[in-house]
Amino acid sequence: MGGGIERGCWCVVIFCALVSGATMYDDECDLYQGSWVYDESYPMYDSSKCPPIRKEYDCVKYGRPDLNYLKFRWQPTNCNLPSFNAEEFLRKMTGKKIMFIGDSVSVNQWQSMVCLLHGSLPPQSIITEDTINSTTTVTFEDYGVSISVFLSHYLVDIVEEDIGRVLKLDSITNGDVWKDNDVLIFNTWLWWYRRGEKQPWDYIQIGTKITKDMDRMVAFEGALKTWANWVDSDIDTEKTTLFFQGVSPSHYNGSDWNKTGVTNCAKETVPMDGSTYPGGVPMAEMVVEQVLSGIMKPVSLLNITRLSQLRKDAHPSSFNAYKGMDCTHWCLAGLPDTWNLLLYAALV
Ligand SMILES: *[C@@H]1O[C@H](CO)[C@@H](O)[C@H](O)[C@H]1NC(C)=O
Ligand SMILES: *[C@@H]1O[C@H](CO)[C@@H](O)[C@H](O)[C@H]1NC(C)=O
Ligand SMILES: *[C@@H]1O[C@H](CO)[C@@H](O)[C@H](O)[C@H]1NC(C)=O
Ligand SMILES: *[C@@H]1O[C@H](CO)[C@@H](O)[C@H](O)[C@H]1NC(C)=O
């Protein structure tokens, strides 16, 4: 019995050390526990002045009439988030390469980071952008800092074979490109339940077994475990700092925020009050946290799920170039700026 309790304690200690690394730098304070407060000084940049924002995220340009959503700052309960200082960040990161890897939610965060840096540097700063294969890189030449995004919907591979496109849950061949960076921020979730025309594969393969389909949550977990094994075998954490981004929530089911019957975010103009979200923790987020807890190497969870759930007002809804209802991505300026403040707090 005693042994069991002891083991339990160790599990808690190791779990915290491995998973909550991002919150560890200050023992007293969980930066992810808090609420949204109105702040007249927000937003942190003028989106019309940053490099072109993807048509999906540029809500003001596409006519969003209510601008209140730009004015909310994340306030942790027991401390303050450090404010973003672009020059300090770039000085600290001099010569380093930072890469976001994942789906369009990663692109969302990458664009936010580029805007945050761009918006507060002197106009004569030299900033270049180029795209090679799946990677787009913005380089802040005065500091030799590059910020890239590598688009990968599933992290694991999709390979064209004779039978069709095969999603290979056991295989990560892009890892060699990724590990050449100093900071990696991973994310995948959005595409795992896509079907029909939006499903970019025809078969799933695990080991030698090939199947037409399977339980998508099990597939997701399998891919995350492949990723976790890759981290343990291939990443030198003395050189490379690792983050995994928690699940970014969408807002299509009003029951999640106490508005039963509502089916999108179109009428949402304010965040939820307080810190609790009726919808609870998404199953996918539990899977992420569980897989991360099994990794030997230090990986920090950017635990953005709850604070993002509270921001039912922060999606583009119909204010994007495509006019479709988008309650999945996030307006820029907006919520992803806070994700980057949390990343900044962990790095600087
Ligand atoms: C781009 O992809 C091609 C085909 O996979 C590869 O041969 C080439 O080396 C890649 N380029 C770079 C710069 O990685
Ligand atoms: C919305 O969530 C509620 C509560 O979890 C669930 O009962 C309901 O089926 C969901 N509605 C839709 C359309 O998925
Ligand atoms: C949601 O509704 C329930 C039941 O009416 C209530 O107890 C709870 O406080 C509400 N939560 C929020 C965040 O408004
Ligand atoms: C992530 O945040 C949620 C909500 O604040 C919390 O319940 C959960 O324990 C956190 N997860 C980790 C691994 O810190």
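Atoms within each ligand, like the ligands themselves, are counted from 1 in listed order. Excluded from the calculations below are hydrogen atoms, water molecules and symmetry mates; all remaining heavy atoms, backbone and side chain alike, are included. Numbering starts at 1 and runs along the sequence shown.
Both cation-pi conditions hold for K212 and Y203: the charged atom is under 6.0 angstrom from the six-membered ring centre and inside a 45 degree cone around its axis.
Under the 3.5 Å distance criterion, with hydrogens and angles disregarded, no donor-acceptor pair is assigned to the side chains of Q205 and D170.
The closest protein non-hydrogen atom to atom 1 (C) of ligand 3 is N258 ND2, 1.4 Å.
Near S255, the atoms of ligand 2 lying under 4.0 angstrom from a non-hydrogen atom of the residue are 1 (C), 2 (O), 3 (C). Against a heavy-atom cut-off of under 4.0 Å, L301 is close to the following atoms of ligand 4: 13 (C). Near M272, meaning under 4.0 Å from any of its heavy atoms, are these atoms of ligand 3: 13 (C). Using a 4.0 Å cut-off to heavy atoms of N253, the atoms of ligand 2 that qualify are 1 (C), 2 (O), 3 (C), 8 (C), 10 (C), 11 (N), 12 (C), 14 (O). Close contacts of ligand 4 with N303, meaning ligand atoms under 4.0 Å from a residue heavy atom, involve 1 (C), 2 (O), 3 (C), 8 (C), 10 (C), 11 (N), 12 (C), 14 (O). Each of the following atoms of ligand 4 lies closer than 4.0 Å to a heavy atom of Q33: 5 (O).
For atom 4 (C) of ligand 3, no protein heavy-atom neighbour is present inside the 4.0 Å cut-off. Put simply, atom 14 (O) of ligand 3 has protein non-hydrogen atoms near it, under 4.0 Å away. Protein heavy atoms are absent from the 4.0 Å sphere centred on atom 9 (O) of ligand 3.
Under 4.0 angstrom from ligand 4, there are no non-hydrogen atoms of T305.
The only option from F72, W74, Y277 that meets the ring-ring contact (aromatic ring centres under 6.0 Å, His included) definition with W36 turns out to be W74. In summary, of the residues considered (N340, L151, T136), a side chain to side chain contact (heavy atoms under 4.5 Å, CB included) with W110 occurs for T136 alone.
Ring geometry, W191 versus Y154: the interplanar angle exceeds 60°, so the pair is classed perpendicular (tilted spans 30 to 60°).
In terms of polar-atom proximity, defined here as any N/O pair under 3.5 Å, E289 does make such a contact with ligand 4.
Ion pairing of R216 with D213 is present here, as a side-chain N (NZ or NE/NH1/NH2) and a carboxylate O approach within less than 4.0 Å. Salt bridge present: D234 and K179 bring a charged side-chain N and a carboxylate O closer than 4.0 Å.
Looking only at distances, no side-chain donor or acceptor of H251 sits under 3.5 Å from a matching main-chain atom of N264.
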